[in-house]
Amino acid sequence: MRLVAVAVALVLTLAGSCTADESESAPAPPTTSAGCRTDETAPKRQLRGMWIASVRSIDWPSRPGLSAARQRAELVAWLDLARKLKLNAVVLQVRPTGDAFWPSRYAPWSEWLTGRQGVHPGYDPLAFAVREAHARNLELHAWFNPYRASFGNDPRKLVRDHPARTHPDWVFRYGDSLYYDPGVPAAREFVQRAVLDAVRRYDIDAVHFDDFFYPYPLPGKKLPDRATYRKYGAGFDSIGDWRRHNVDLLVRDMGRRIHRAKPWVWFGISPFGIWRNARSDPRGSDTAGLESYSAIYADSRRWVERGWVDYVVPQLYWQLGYDIADYTTLVRWWSGVVRGTGVRLYVGQAAYRLGTEGPWRRSDELSRHLAVNRRHPEVTGDVYFSAASMRADGAGGVTALVEDHYARPALVPRATGRGGSAPAPPATTAVEADDADGVTVRWRGAERAATSYAVYRFAGRSASACGFADARQLLTTVRRTSGDTQTYLDTTARPGQTYTYHVTALDRFGHESRPGAGQTTE
């Protein structure tokens with residue numbers, strides 16, 4: 001992370017004591033950090049997330065049929081783990097198989113909640129998830145599988161009012177599953193309305209699609225959509241081009257409609273890691289694996305180039321040096337794809353492979369992945385699959401990557417070009433030191449535009465603009481609560497040590513205010 005121009009460093013001499021009554025106000029530091037030398041190991045902005053998968057009880061709930069209280073307790077534990085690992089986002093699966101984790105008129109309650117499709121779980125899981133994630137200042141990216149309707153292929157086993165049952169012309173059977181047909185305009189519109197229902201009714205931070213559009217190919221089986229192609233495919237030279245067009249329409253229209261409803265909500269997709277191999281297309285990557293372009297008709301490169309998504313999370317689940325799909329090769333390729341587009345590049349990381357075989361038995365495999373990322377400034381974050389693997393910490397790989405790369409917290413990347421502005425700077429009003437508990441920091445946060453705050457701590461009685469240029473002095477981030485006065489207890493403060501605290505405010509788009517006036521204690 002490099003900033004240009006000339007830095008202005010102003011040292012602020014502050015005198016104060018350990019009590020709120022006697023602590024003295026410190027002037028706000030200069031507002032510019034241009035020209036500051038930053039530490040690449042402490043980036044100020046970086047998306048750090050983990051997928052929480054609900055399908056087949058991969059992560060949460062741990063099994064269908066748990067009580068509402070047990071489900072809530074399990075989810076809180078996952079959110080606490082994310083915060084402990086210094087992550088700042090979770091990607092929670094809320095539509096795994098044409099169902100819903102919220103009361104939706106577009107889909108039945110999910111069987112992964114209660115064990116029976118269509119049965120109310122006794123609470124609103126999405127509302128609870130949003131509230132608890134935000135209480136920990138974690139972004140909640142709601143993860144939708146758009147087209148998978150059921151893992152079974154018999155519509156009669158779905159609840160009576162399931163849309164795949166009431167609209168049989170919207171679905172096709174493929175293997176053991178049912179899918180909404182991406183080529184049917186009514187089905188595509190229905191999927192978008194189901195997603196927008198959650199966008200409008202819940203305070204989510206992002207809509208997240210996985211890599212399932214058309215299903216992955218099964219040996220010896222062709223997609224049963226020839227009749228749909230004959231009906232809707234006029235003007236296309238091949239069925240493959242038509243299928244890609246159908247997926248393109250969903251992606252393009254979904255992003256536009258999300259931003260019309262709530263401009264601050266991100267739209268992101270986690271595509272399969274290989275778009276096309278270079279031997280098929282010179283614009284492709286130097287790889288030799290399955291191509292999403294032709295296998296599942298996902299033209300992910302086009303989505304980025306057209307700016308139809310806000311972020312992309314290619315699933316780069318391969319190790320360094322893998323001859324078919326080398327991690328370094330693919331990071332370089334994806335970095336080139338997003339360069340100059342304004343689309344954020346986060347990398348999907350295979351935490352589930354830690355401790356399994358070959359190089360994945362090394363404790364530093366994922367840590368080395370993040371070291372590669374640093375060589376590519378286009379990479380602005382990572383998302384890990386999945387929560388259970390992050391907790392399992394196979395081969396100590398999660399511990400290693402956190403120690404090597406997440407020593408400091410990070411702000412989420414800023415949304416650009418969609419509105420918003422930096423809030424007014426908050427003023428730190430008092431610090432109260434207690435040798436047993438730590439230091440309580442208080443500030444005024446009445447600015448309505450503020451969604452969250454960043455708390456910076458400087459050793460001694462000085463602060464400078466460059467201290468805000470990276471995360472070395474970033475102590476924590478906290479969500480705005482009701483009321484004018486906000487507080488944070490710094491339990492890491494050393495007794496007798498002199499500290500200066502400053503707070504900044506951030507709006508929903510991630511714009512950060514100037515540092516407010518601070519307080520010093522000793």
Side-chain angles (χ1 to χ4, degrees), residues 47-51 53 58 91 208-213 215-217 268-296 298-301 303-304 311-339 344-376 378-390 392-402 404-405:
L47 195 285
R48 302 172 182 174
M50 70 179 184
W51 280 288
I58 291 174
V91 185
H208 182 97
F209 282 177
D210 54 30
D211 56 327
F212 290 93
F213 294 95
Y216 278 86
I269 298 179
S270 56
F272 185 73
I274 299 173
W275 171 70
R276 301 191 81 182
N277 301 309
R279 66 186 181 187
S280 300
D281 187 322
R283 299 172 299 168
S285 53
D286 187 14
T287 50
L290 179 142
E291 300 173 323
S292 64
Y293 179 89
S294 54
I296 56 175
D299 194 352
S300 49
R301 189 177 189 271
W303 309 336
V304 172
Y311 71 75
V312 63
V313 194
Q315 298 173 30
L316 305 189
Y317 292 167
W318 303 285
Q319 65 266 30
L320 295 167
Y322 184 46
D323 56 352
I324 294 176
D326 171 51
Y327 178 84
T328 302
T329 297
L330 283 164
V331 168
R332 184 186 309 116
W333 186 84
W334 279 102
S335 295
V337 169
V338 304
R339 190 174 299 127
R344 301 287 183 179
L345 172 60
Y346 313 136
V347 176
Q349 301 285 359
Y352 72 93
R353 300 193 68 183
L354 287 169
T356 57
E357 59 184 357
W360 295 99
R361 292 195 182 99
R362 298 175 51 138
S363 64
D364 66 346
E365 179 64 26
L366 282 189
S367 181
R368 294 195 301 152
H369 286 200
L370 270 63
V372 169
N373 293 357
R374 283 183 189 162
R375 302 200 296 266
H376 300 277
E378 295 82 8
V379 180
T380 53
D382 299 88
V383 185
Y384 301 90
F385 190 84
S386 64
S389 300
M390 296 296 280
D393 193 16
V398 175
T399 297
L401 79 88
V402 170
D404 294 345
H405 301 278

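Under the salt bridge (charged side-chain N to carboxylate O under 4.0 Å, His left out) criterion, Glu291 pairs with no residue, sequence neighbours left out. In this structure Arg339 satisfies the salt bridge (charged side-chain N to carboxylate O under 4.0 Å, His left out) test together with Glu378, sequence neighbours excluded.
Here the shortest heavy-atom pairing between Ala395 and Ser363 reads O-CB, 3.0 Å. Counting all heavy atoms, side chain and backbone alike, Ala288 lies closest to Arg279 at O-NH2, 4.0 Å. A pairwise comparison of heavy atoms in Ala388 and Ile58 identifies CB-O, 4.0 Å as the closest pair. Taking each heavy atom of Ser300 and Ser292 in turn, the nearest pair found is OG-OG, 4.1 Å.
No side-chain heavy atom of Leu370 sits under 4.5 Å from any side-chain heavy atom of Asp404. Looking only at side-chain heavy atoms (C-beta outward), Asp211 and Gln315 come within less than 4.5 Å of each other. Counting heavy atoms from C-beta on, the side chains of Val398 and Tyr384 never come closer than 4.5 Å. In this structure, His405 and Arg48 have side chains that are not in contact, with every pair of non-hydrogen atoms separated by 4.5 Å or more. The shortest distance between side-chain heavy atoms of Asp393 and Leu354 does not fall below 4.5 Å. Contact of the Thr328 side chain with the Val331 side chain is not registered, since no non-hydrogen atoms from C-beta on lie closer than 4.5 Å. In this structure the side chain of Tyr346 never reaches within 4.5 angstrom of the side chain of Asp382, judged on heavy atoms. The closest side-chain heavy-atom distance from Asp299 to Trp275 is below 4.5 Å.
At distances below 3.5 Å, at least one donor-acceptor pair connects side-chain atoms of Asn277 with backbone N or O atoms of Gly289. A donor-acceptor pair under 3.5 Å links the side-chain atoms of Asp326 to the main chain of Gly321, judged by distance alone. A donor-acceptor distance shorter than 3.5 angstrom exists from the side chain of Arg353 to the backbone of Tyr317, with no hydrogens or angles considered. Using a distance-only test at 3.5 Å, with no hydrogens or angles considered, a donor-acceptor pair links the side chain of Trp334 to the main chain of Gly273.
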Pair Ile269-Phe213, side-chain contact (heavy atoms from CB on, under 4.5 Å): steps then yes or no:
CA-CA 11 Å; Ile269 298 179; Phe213 294 95; 4.1 Å; yes
Could you check Tyr216 against Leu290 for side-chain contact (heavy atoms from CB on, under 4.5 Å), going step by step and ending with a plain yes or no?
CA-CA 10 Å; Tyr216 278 86; Leu290 179 142; 4.0 Å; yes
Stepwise, does the side-chain contact (heavy atoms from CB on, under 4.5 Å) test hold for Ser270 with Trp51?
CA-CA 11 Å; Ser270 56; Trp51 280 288; 3.7 Å; yes
Please determine whether side-chain contact (heavy atoms from CB on, under 4.5 Å) holds for the pair His208 and Val313, giving the CA-CA distance in whole Å, both sets of side-chain angles, and the decisive distance to 0.1 Å.
CA-CA 10 Å; His208 182 97; Val313 194; 4.2 Å; yes
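In this structure, CG on Leu320 lies 9.5 Å from CG on Leu366, to the nearest 0.5 angstrom. Rounding to the nearest 0.5 angstrom, the gap separating the OH atom in Tyr322 from the CG atom in Leu316 is 13.5 Å. A distance of 6.0 Å separates CD in Gln349 from NE2 in His369, rounded to the nearest 0.5 Å. Atom CD in Gln319 sits 7.5 Å away from atom CD in Glu357 (nearest 0.5 Å).
At most 12 heavy atoms of other shown residues, nucleotides or ligands fall within 6.0 angstrom of atom CG in Asp286.
Checking each of Val312, Val379, Thr380 against Val338 for a side-chain contact (heavy atoms from CB on, under 4.5 Å) leaves exactly one that passes, namely Val312.
With respect to the salt-bridge test (charged N to carboxylate O, under 4.0 angstrom), the residues Arg361 and Glu365 do not qualify.
Aromatic ring centres of Tyr327 and Trp318 lie farther apart than the 6.0 Å criterion allows.
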